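Worksheet: the structure to be examined is printed underneath.
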Amino acid sequence: MLDPDRIEALRNQPQAPASHVIGGELRPASDGTVLEVISPIDGSLLTTVPKGTREDAEAAIAAARRAFDEGGWPEMAPAARKKILLKWADLIEANALELAVLGVRDNGTEIGMALKAEPMSAVATIRYYAEAIDKIGGEIAPTAPGNLGLVHKEPAGVVGAIVPWNFPLMIGAWKLGPALAAGCTVVLKPAETASLTLLRIAELALEAGLPAGVLNVVTGEGAVVGDAIARSMEVDVLVFTGSGATGRRLLEASAQSNMKRVYLELGGKSPNIVFADAPDLDEAVKVSANGIFRNSGQVCVAGSRLLVERSLHDAFVEKLSAFTETMKVGDPLDPAVSAGAVNSLRQLEQNLAFVEEARAQGRTIVTGGTRILQETGGYYMAPTIVTDVKPDDRIAREEVFGPVLAVLPFDTEDEAVAIANGTDYGLAAAVWTGNLSRAHRMIRRIRAGVVHVNTYGGSDLTVPLGGVKQSGNGHDKSLHAFEKYLDLKTAWIKL
Ligand code: ADP
């Protein structure tokens, strides 16, 4: 599907100014203002999106409310809802390469990963939840004979979804798939620097027959549009993927408004732990490098801390750095690159500041550490490995969200666990070992939503993704994701 000629043809396709999708209509911002969309590939102006106002957010919420209360979406026969969602998935699939290239021009992810992880992942997600619509039901409680207890599962209402820029379609679909399948209606706010593909799939949803107002997409600033959604008295559930600082604001906004349920996925500082008895070191090297450097480290589950048993440390770092230097970084529309552009200049500067701080503290930059390809006008960073890192360093505790790997040695299993659990986060982890008992001990002891063994980052839709500690709460993916979008209602009937 990665036809280079088609990619080249799509690369320079002019993009008309984009519009919100509100109540089934394409609309500009209520005051006509726009945000410029700068392509991280070369720093050029790609197009504009509406700079949404509070009124825009409120109009979208009102449309979603009407579509839920009066529009018939929650009451529609499950098979009919399923048919529309499956048609939507087909339309996204038919436009997959166009969507992938548009997304890459908007956010900089390398095309090989973007096609799989963005439109095609959204297609799989929407199909998965569409197919589940008529396979989940309520319960009959095991009451004493004189009573009948029925447990209904009802759609929770209007969902506000606020999503980030690293994988807008994948993460967007993780919210939209189960929310829409459950019978909820949605107001979605994309990130400022990655809105275009989500607007496009909302248009395709209308084409697929999704009733007006069931899915609304409002672009603009987090502090305006996102805040209006978070504070709305008409939004019943708020789902979010993004930074901890914003997650905290959303919890406050909920507390200060209608106490809507808030589900947060907040990134991590995930430990990738290599024991000296790892079965295949070359595999561990390759997978560890990809686990932090693909998509320039802009992956919530990125393995950003490498913990290596001391006896293996120097040899492993040497192999890792040699492999990393073979990874091609550059034009994300070149199918041969391993890592494309950093999403924005702001993010690039933030990444470099972390490295400079580590350098100033006397840590060793084994490879990378610099901005590269500046002559293109784009935002590129060399994959960076930092050693001699101490567990209390900022680079070992805070999420960089860039291609920066902090390496720490350890001597014992207990020490590995203490370092691994020694941050505020708990999203992902990995353990490389040939010892089965050790693998299971580590799975139990590491506080994280997912622990990989002898791999990093693999997953599919059948298993949940969610964090513990300050990595968040609630789960995307798998049938568990429905829990966020369904309310339980008991009917207690005297017989
Ligand atoms: P990052 O720093 O990686 O961009 P953010 O948490 O700032 O992460 O962004 C994730 C999403 O949250 C984006 O859609 C952004 O617009 C939105 N957002 C940012 N600030 C707020 C806020 N105060 N209220 C609601 N949404 C916000």
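Both ligands and their constituent atoms are indexed starting at 1 by order of listing. Fair warning: this is a prediction, and the values are worked out from it, not measured in the lab.
Considering only residues two or more places apart in sequence or on other chains, Lys116 meets the side chain to side chain donor-acceptor pair (under 3.5 Å) condition with none of them. Taking the ring pair (Phe, Tyr, Trp, His ring centres under 6.0 Å) definition, one finds that Trp174 meets it with nothing, sequence neighbours left out.
Closest to atom 24 (N) of ligand 1 among all protein heavy atoms lies Gly222 O, 3.3 Å. Among protein heavy atoms, the minimum distance from atom 23 (N) of ligand 1 is reached at Arg249 CD, 3.6 Å. If you check which protein heavy atom lies closest to atom 17 (C) of ligand 1, you get Ile162 CG2, 3.6 Å. For atom 16 (O) of ligand 1, the closest heavy atom belonging to the protein is Glu192 OE1, 2.7 Å. Of the protein's non-hydrogen atoms, the one nearest atom 9 (O) of ligand 1 is Thr246 OG1, 4.6 Å.
Of all the heavy atoms of Phe401, none lies under 4.0 Å from any atom of ligand 1, so neither backbone nor side chain is involved. Residue contacts with ligand 1, taken as heavy atom pairs separated by less than 4.0 Å, do not involve Ala230 at all. Proximity of Ile229 to ligand 1, defined as any heavy-atom pair under 4.0 Å, is not found for any part of the residue.
An N or O contact shorter than 3.5 Å links Ser243 to ligand 1 by distance. In terms of N/O distances under 3.5 Å, ligand 1 is approached by Val163.
Atom OG1 of residue Thr53 and atom CD of residue Glu221 lie 11.5 Å apart, to the nearest 0.5 angstrom.
Each of the following atoms of ligand 1 lies closer than 4.0 Å to a heavy atom of Gly226: 24 (N), 25 (C), 26 (N). The ligand atoms of ligand 1 that sit less than 4.0 angstrom from a heavy atom of Trp165 are 1 (P), 3 (O), 4 (O).
Comparing Gln298, Arg346, Glu221 by heavy-atom distance to atom 2 (O) of ligand 1, the nearest is Arg346.
Using a 4.0 Å cutoff on heavy atoms, Pro190 counts as a contact of ligand 1.
The main-chain N or O of Asn295 is found under 3.5 Å from a side-chain atom of Gln298 such that the two form a donor-acceptor pair.
Distance check on atom 5 (P) of ligand 1: some protein heavy atom falls below the 4.0 Å cut-off.
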